[in-house]
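First the structure, in the form of structure tokens, and then the observations on it.
Keep in mind it's a predicted model, so treat the numbers as computed, not measured. Residue numbers begin at 1 in each chain, while the letters A, B, ... track the order of the sequences.
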There are 2 protein chains.
Amino acid sequence: MFFTKSFGYAVRGILYVGLMSNEKKRVQIDEIAEKLAVPKHFLGKIMNKIVKEHILDSTKGPYGGFSLNKDTLSIPLIKVLEVTDGLEQFSMCALGLRKCNPEHPCPVHHEMEPLRSNLKRALTNATINDLVAGNKPELIRNISAF
Amino acid sequence: MFFTKSFGYAVRGILYVGLMSNEKKRVQIDEIAEKLAVPKHFLGKIMNKIVKEHILDSTKGPYGGFSLNKDTLSIPLIKVLEVTDGLEQFSMCALGLRKCNPEHPCPVHHEMEPLRSNLKRALTNATINDLVAGNKPELIRNISAF
DNA sequence: CGTATAAAAGATTTTAATGTCTTTTATATG
DNA sequence: CATATAAAAGACATTAAAATCTTTTATACG
Ligand code: FES
Ligand code: FES
């Protein structure tokens, strides 16, 4: 519901890098994929998009890997969603009719519109930093597959 | 976002039958598919599931087609969602981690849980009848793809 | 420079949702 | 019963997301 797997992988990957950034400067994809129990190469492609959008940094070669940059912690979740899933969903009709149009509301428009707005607002307000706050071992446990 | 196309087709199909039920006893799939601009055979399969779950009635042969039954109008939308998409989505973690578990909340749990509950409640409370109420030509226009 | 390391990129496969086309089954009516 | 009609069912195709595997590129370091 709501999001693709890619979005989940992206959020969890970014958070894992954030949680590890005290201990090590860079985190490798192999470690992330293993700890999150996520397919390595698929995650790699998603992380690559994340880097292209300057949400994380990366370097190739020995001692390379993924790392936070000066902006990472202040990135809102909706930016991550934009990279992985796009934001068209917020302007589309929930019944898939066309672009949502309050002038010609579909039968579920009045139910869905407030929920959609709330979701958009929540994702816009919540930053990576908000999610990284709190008990660290617990968080690492919670972003792992179980 | 939120739902599959199948759900949208199902809701619109049921509503079209409901809106036509004054004028004609039964509505054929060809007419529904044409008016909603939806692929006929795909819609047929979805309508078939809807009939199997007693949300609508159908009869084969001449003068056959789909029709309301005594329960149709009081069916909540969540029942339709269950038939087309299933309801597992409401117990799964929004990040796709596993079953959502408030004891071990994922980083977006506190953002998502209220939204999910609200959506579930809205879909549980809204019946087909609620959606059929109102200006009929306008509704027919609004469930069409145009 | 040569080598090892790690991300990036590319090619291919799998899976589920969606869509199309054909055949079968049920039924109303003459 | 014969025929036409319309849903149901089945087989197959397409598409996008997800996953896997291989090759290329960049870089640290001896
Ligand atoms: S018109 Fe369907 S959600 Fe707004
Ligand atoms: S644990 Fe992720 S939404 Fe509840």
Check ion pair A:E113-A:R116 (N to O, under 4.0 angstrom): yes
Minimum-distance nucleotide (side-chain atoms of B:P39 versus D:dT20, C:dT20, D:dA28): C:dT20
Sugar-phosphate only, base, or nothing, as touched by A:K52 at under 4.0 Å among non-hydrogen atoms: sugar-phosphate
Residue pair A:D71, A:S74: steps toward the side chain to side chain donor-acceptor pair (under 3.5 Å) verdict: CA-CA 6 Å; A:D71 295 326; A:S74 55; 4.9 Å; no
Presence of B:S58 side-chain N/O under 4.0 Å of D:dA8 phosphate oxygens OP1/OP2: yes
Touch class at under 4.0 angstrom, heavy-atom based, for A:F7 against every strand present: nothing
5' precedence on DNA chain C between B:V38 and A:Y63 (nearest-nucleotide basis): A:Y63
D:dA6 phosphate, OP1 or OP2, under 4.0 Å from B:T59 side-chain N/O: no
Any A:N48 side-chain nitrogen or oxygen under 4.0 Å from OP1 or OP2 of C:dA8: yes
Check: B:D130 side chain, B:T127 main-chain N or O, donor-acceptor pair, under 3.5 Å: yes
Candidates B:V108, B:L95, B:L119 - the one meeting side chain to side chain contact (heavy atoms under 4.5 Å, CB included) with A:F2: B:L119
Side-chain N or O of B:Y9 closer than 4.0 Å to phosphate OP1/OP2 of C:dG19: yes
Donor-acceptor pair, side chain of A:T4 and main chain of A:D85, under 3.5 angstrom: no
Polar side-chain atom of B:R12 near backbone of B:L36 as donor-acceptor pair, under 3.5 Å: yes
Closest nucleotide among D:dA8, C:dG19, D:dA19 to the A:F42 side chain: D:dA19
Letter per nucleotide, 5' to 3', of nucleotides 10-15 of chain C [B base touched, S only sugar-phosphate touched, - untouched; heavy atoms, 4.0 Å]: BB----
A:K5 side chain near D:dA19 phosphate (N/O to OP1/OP2, under 4.0 Å): yes
Side chain of B:D30 - closest among C:dT20, C:dA6, D:dA7: D:dA7
Closest listed nucleotide, where the reference is the side chain of B:K60 and the choices are D:dA18, C:dG19, D:dA7: D:dA7
